[in-house]
Amino acid sequence: MSEKNSYDVLGLEKGTVRLLDYTPLWAELYQEEAKRIRTAIGHLIIDIQHVGSTAIPGIKAKPILDIIVGVARIGDARSCQGPLEAIGYDYIVHAGLTNDHVFGKGVARTHFLHVVEYGSAEWTNPLRFRDRLRKDAGLAQEYDRLKEELKERFGNNPAEYTSEKLRFIREVIAA
């Protein structure tokens with residue numbers, strides 16, 4: 001691992017929006033975490049992917065790794081709870097997402113783990129968004145500028161910050 005450590009590049013206090021410059025360390029930290037997740041619930045996993053802005057080189061991101069786990073049936077997500085809690089995740093009961101079981105890690109959040117049905121829209125949409133931005137630097141920079149603007153407007157309101165990004169995200173996925 002590089003000179004920076006995970007404490008320098010991961011962790012976001014509740015109620016704040018902070019953006020960091022992209023670092024390749026995020027990819028390394030994802031690989032390490034994916035191994036822990038596979039050890040805990042590998043028997044249920046069809047696939048696991050790094051999504052969100054920390055998975056898109058060249059753009060700023062909130063210092064939280066977003067990970068998506070595809071399982072055969074959404075009902076399998078409940079079987080993940082105990083093993084994921086054993087490796088430091090907590091189940092976010094009121095995440096408000098349909099067909100997406102969300103787990104968080106850390107008091108200052110370092111990871112969000114989404115357990116969804118493999119092949120569903122909840123699986124394909126984050127991958128489509130990530131892949132479009134990875135392939136189109138102009139689109140990635142447009143998203144980067146939007147996030148900076150929203151951080152200035154909603155730096156103490158993460159829910160509003162995220163809500164305001166959704167129009168852009170939906171447009172990219174639909175294109």
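For this chain, numbers begin at 1 and follow the sequence in order.
- Remark: the backbone N or O of Ala55 is paired with a side-chain donor or acceptor of Arg134 at under 3.5 angstrom.
- Although no hydrogens or angles enter the test, the distance criterion places no donor-acceptor pair under 3.5 Å between the side chain of Asp21 and the main chain of Lys60.
- Heavy atoms only, all atoms of each residue included: Ile87 and Arg36 are closest at CD1-O, 3.8 Å.
- By the 4.0 Å N-to-carboxylate-O rule, Glu148 lies close enough to Lys151 to be salt-bridged with it.
- Between Tyr89 and Phe103, the two ring planes are perpendicular [angle over 60°; tilted spans 30° to 60°].
- Not counting sequence neighbours, the partners of Glu171 by the side chain to side chain donor-acceptor pair (under 3.5 Å) test are Arg167.
- The CD1 atom of Ile59 sits 11.5 Å away from atom CD of Glu142, with the distance rounded to the nearest 0.5 Å.
- Using a 4.5 Å heavy-atom threshold, the side chains of Ile64 and Thr54 count as separate.
- In the hydrophobic clustering (ILVMFWY side chains linked at under 4.5 Å, chained through shared members), Val116 is joined by Ile46, Val51, Ile68, Tyr118, Trp123, Leu127.
- In summary, Asp90 and Arg109 engage in a salt bridge, as defined by a charged side-chain N under 4.0 Å from a carboxylate O.
- Checking side-chain atoms of Glu160 against main-chain N and O of Phe154 turns up no donor-acceptor pair under 3.5 Å.
- Of all non-hydrogen atoms in Gly52 and Asp66, the two that sit nearest each other are CA-OD2, 4.0 Å.
- In terms of modelled atom types and a separation under 3.5 Å, the side chain of Arg130 and the main chain of Ser53 share no donor-acceptor contact.
- Between the CD1 atom in Ile56 and the CZ atom in Arg132 there is a gap of 11.5 Å [rounded to 0.5 Å].
- By the 4.0 Å N-to-carboxylate-O rule, Lys105 lies close enough to Glu33 to be salt-bridged with it.
- Here Asn125 contributes atom CG and Ile173 contributes atom CD1; the two are 4.0 Å apart, rounded to the nearest 0.5 Å.
- Side chain of Thr110 to backbone of Gly106: no donor-acceptor contact under 3.5 angstrom is found.
- Counting only heavy atoms from C-beta outward, the side chains of His101 and Ile74 approach each other to under 4.5 Å.
- Between Tyr22 and Trp26, the two ring planes are perpendicular [angle over 60°; tilted spans 30° to 60°].
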